[in-house]
Structure formats: structure tokens, C-alpha cells
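Below is one structure, written out as C-alpha cells; the observations come after it.
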Amino acid sequence: MGEPLERWPRAAALFAPHPPEEKGKITLVERAARQTLIEKDSFAPPDLFLVVKGVCELYSAFSLSGDNDLGYRICANQFIGLSEIVSPVPMKRTAEVVAKTPLCALRIRGEDFLRWSQVCLPVYNAVIFESLEQKHRLQTLYRNCSVTDSVLAGAYYLDYLYGVYLGCYPEGYQGPVRLWETQSEIAQSIRRDPRSVARIIQKLREAGCIGVERGKVVITSAQRQTLRRFIEERSL
């Protein structure tokens, strides 16, 4: 990939130990909002993707009941597709990945990634470690959003979404972050009624934790700190 990799500082740092010939095999993939990045039930040769800008949705990956309406967000500096690559037997894609916002991702061929265990073990291990950490963070999120206190559950989820959508802005950005979720999507994610979500948003707005502009939740860096204090105090 060469020079364009340097556009993404964290990705460039991750792949820095690689020899130039390995970096050159990494390609950039771009998708508009609502375009599919990975098709469900595909037996196509598996690729590993590292999101470098934007947000996408991965449907059904953590649905314990087998339904298809549970989606979560993959944001900048997170990986998609590792399970299918390391599976000891051919494995269909178990979830559909769709761009929620305009999306940029780095594509690594599965066979190239497996070879990294021989040619550059530190990078291979870093990818495995980060993928495991993603799973752990997601499980923590769903546990937090399952609390009986609906306002606290909503606060946890909006704090999570702030971190997700912050990756749509330039590194070091301190301005307001717009959350693309509708109230219905928030309700689905925290397993609440949409009317309950409207009350949650109003409560958090009155507490100075969030703002609302043109029907979407907006959070500044200062409000994010207020939101985290709200979570800490309400969790006691």
C-alpha cells in the first residue's frame, strides 16, 4: 500500500514492523453509507478488515437467541473477519457488515494474515490481542446496558456511541460528536421501548450530559465528562 498507509497514524504504527513487501499487500476499501462491506453466508476467501475511518454495523454476531435484529458498531481501529480466517474448517460469514457512515477500511487477505505468524509475529499477535479485547469490551457493554435502571442503561450506551462516532472525525478532534442512531435503534440496542428512550434522552439532556440537534443526540467532550460522572454516581 505504501504511502497511503501513513494517512492512518494508528494503523501505520501497528504495521510499522512489517517489511515493505507485506505493507504493499494491504489495500484500501471505501464504502458509502448503507453499502455492504461483507455479505452474510458468503464462502468467499476470507479477508481481514481494519476500519480506519467511519462506522459499520455487524448484525447478529452477539445474538444468543439466533435473531437477526441485534447489531453493534465497528469503529476506527477495530478489526472484522478474524474468526473466518483462523477457523480450522471452511466457515461461512455469519454476519452481514454494512457501512453506517462513509467508511474506509484496510483489507488484508486471509492467507497473508496467516503468514504473518511466520514473517512478523509481533503484528500477528497484536491483531489477535486487539480482536479479543473487542469481544471483551462488547460483552461489558451489553452487561452494562442490561441493568434494570433504564436511564443508566441509556447513559452507558450513549457514552459508548460517543467513542464510536469520535472515530469519524480527525485525530485530536474536541468538538461536538453527532450520533447517527435513531431513537428506535437506541431502543433496540438497550432492549427498551422507543418511548422510554425519549424520556431517557430528555433526562440526560436536563442533566447536561448530552445535547440534541435536528433530532440526533450530540455530545461535546465536556458533556462526555459530565455523562461519565452521571454514570459513576448513578451506579453507586
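Across every non-hydrogen atom of Cys209 and Phe230, the tightest pair is SG-CB, 3.7 Å. Here the shortest heavy-atom pairing between Leu48 and Val127 reads CD2-CG1, 3.8 Å. Contact between Ala11 and Val52 at its shortest, heavy atoms only, is CB-CG1, 4.2 Å. Residues Val55 and Leu103 approach most closely at N-CD1, 3.9 Å, considering heavy atoms. Nearest heavy atom pair, residue Cys56 against residue Ala99, reads CB-CA, 3.9 Å. For the residue pair Gly81 and Glu84, the shortest heavy atom distance occurs at O-OE1, 3.3 Å.
Residues Ile38 and Ile80 form a side-chain contact, since some pair of their non-hydrogen atoms from C-beta on lies under 4.5 Å apart. The shortest distance between side-chain heavy atoms of Val197 and Ile201 falls below 4.5 Å. Considering only heavy atoms from C-beta on, His18 comes within 4.5 Å of Trp116 through its side chain. Annotation: side chain of Arg191 is not in contact with side chain of Cys145 (no heavy-atom distance under 4.5 Å). Between Leu141 and Asn144, every side-chain heavy-atom pair lies at or beyond the 4.5 Å cut-off. Within the 4.5 Å cutoff, side-chain heavy atoms of Leu14 are placed close to those of Leu50. Within the 4.5 Å cutoff, no side-chain heavy atoms of Arg143 are placed close to those of Ser146. Under the 4.5 Å side-chain criterion, counting only non-hydrogen atoms from C-beta, Leu106 is in contact with Leu5.
A donor-acceptor distance shorter than 3.5 angstrom exists from the side chain of Tyr173 to the backbone of Pro176, with no hydrogens or angles considered. Gln202 contributes no side-chain N or O that, together with a main-chain N or O of Arg199, makes up a donor-acceptor pair within less than 3.5 Å. Distance alone, capped at 3.5 Å, is enough to place a donor-acceptor pair between the Arg192 side chain and the Ile190 backbone. For the pair Ser87 (side chain) and Val89 (backbone), a donor-acceptor distance under 3.5 Å is present. When atom types are taken as modelled, the side chain of Ser117 and the backbone of Leu114 share a donor-acceptor pair closer than 3.5 angstrom.
Counting heavy-atom neighbours within 6.0 Å of Glu39 CD, excluding the residue itself, gives a total of 12 or less. Residue-environment remark: NZ (Lys100) exceeds the threshold of 12 foreign heavy atoms within 6.0 Å. Surrounding CD of Glu232 are at most 12 heavy atoms belonging to other residues, nucleotides or ligands under 6.0 Å away. Counting heavy-atom neighbours within 6.0 Å of Glu21 CD, excluding the residue itself, gives a total above 12.
Ring pair Trp8/Phe15: centre-to-centre distance not below 6.0 Å.
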Exercise for the section: Decide yes or no on side chain to side chain contact (heavy atoms under 4.5 Å, CB included) for Leu152 and Ile231, but give the supporting numbers first. Expected result: CA-CA 6 Å; Leu152 181 58; Ile231 290 171; 4.1 Å; yes

Exercise for the section: Go through Tyr157 and Ser189 one step at a time and tell me if the side-chain hydrogen bond (donor to acceptor under 3.5 Å, both in side chains) criterion holds. Expected result: CA-CA 8 Å; Tyr157 192 62; Ser189 295; 3.0 Å; yes

Practice task
Could you check Thr140 against Tyr156 for side-chain hydrogen bond (donor to acceptor under 3.5 Å, both in side chains), going step by step and ending with a plain yes or no?
Solution key: CA-CA 10 Å; Thr140 300; Tyr156 272 124; over 6 Å; no

Exercise for the section: List the steps and the verdict of salt bridge (charged side-chain N to carboxylate O under 4.0 Å, His left out) for Asp47 and Arg109. Expected result: CA-CA 5 Å; Asp47 293 323; Arg109 292 188 307 168; over 6 Å; no

Handout entry: Verdict with reasoning, Val98 to Leu37, per side chain to side chain contact (heavy atoms under 4.5 Å, CB included)
Key = CA-CA 6 Å; Val98 179; Leu37 179 67; over 6 Å; no

Exercise for the section: Show your working on salt bridge (charged side-chain N to carboxylate O under 4.0 Å, His left out) between Glu206 and Lys203 and close with a plain yes or no. Expected result: CA-CA 5 Å; Glu206 291 171 354; Lys203 177 84 172 180; 5.9 Å; no

Exercise for the section: Let me see the working for Arg107 and Leu28 under side chain to side chain contact (heavy atoms under 4.5 Å, CB included), right down to the final yes or no. Expected result: CA-CA 6 Å; Arg107 185 203 303 264; Leu28 180 65; over 6 Å; no

Problem - Working for side chain to side chain contact (heavy atoms under 4.5 Å, CB included), residues Leu204 and Val151 - result: CA-CA 8 Å; Leu204 294 174; Val151 175; 4.2 Å; yes

Exercise for the section: Test salt bridge (charged side-chain N to carboxylate O under 4.0 Å, His left out) on Glu130 and Arg137 and set out the steps. Expected result: CA-CA 10 Å; Glu130 177 54 33; Arg137 289 192 295 267; 2.6 Å; yes

Handout entry: Trace of the side-chain hydrogen bond (donor to acceptor under 3.5 Å, both in side chains) decision for Glu181 with Tyr165
Key = CA-CA 10 Å; Glu181 263 61 16; Tyr165 287 102; 2.6 Å; yes

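The CG atom of Leu179 sits 11.0 Å away from the CD atom of Glu185 when rounded to the nearest 0.5 Å. How far CD1 of Ile108 is from CZ of Arg115: 12.0 Å, rounded to the nearest 0.5 Å. A distance of 4.0 Å separates CG in Asp149 from CZ in Arg234, rounded to the nearest 0.5 Å. Taken from CZ in Arg178 to CG in Leu161, the straight-line distance is 12.5 Å, to the nearest 0.5 Å. Rounded to the nearest 0.5 angstrom, Tyr142 OH and Tyr160 OH are separated by 7.0 Å. To the nearest 0.5 Å, atoms CZ (Arg31) and CZ (Phe49) are separated by 7.0 Å.
Ionic pairing of Arg34 and Glu57 is not present here: no N-O contact between side-chain nitrogen and carboxylate oxygen is shorter than 4.0 angstrom.
Hydrophobic clustering, with ILVMFWY side chains joined whenever heavy atoms are under 4.5 angstrom apart, keeps Ile200 apart from Val218.
A donor-acceptor pair shorter than 3.5 Å can be found between the side chains of Thr226 and Arg229.
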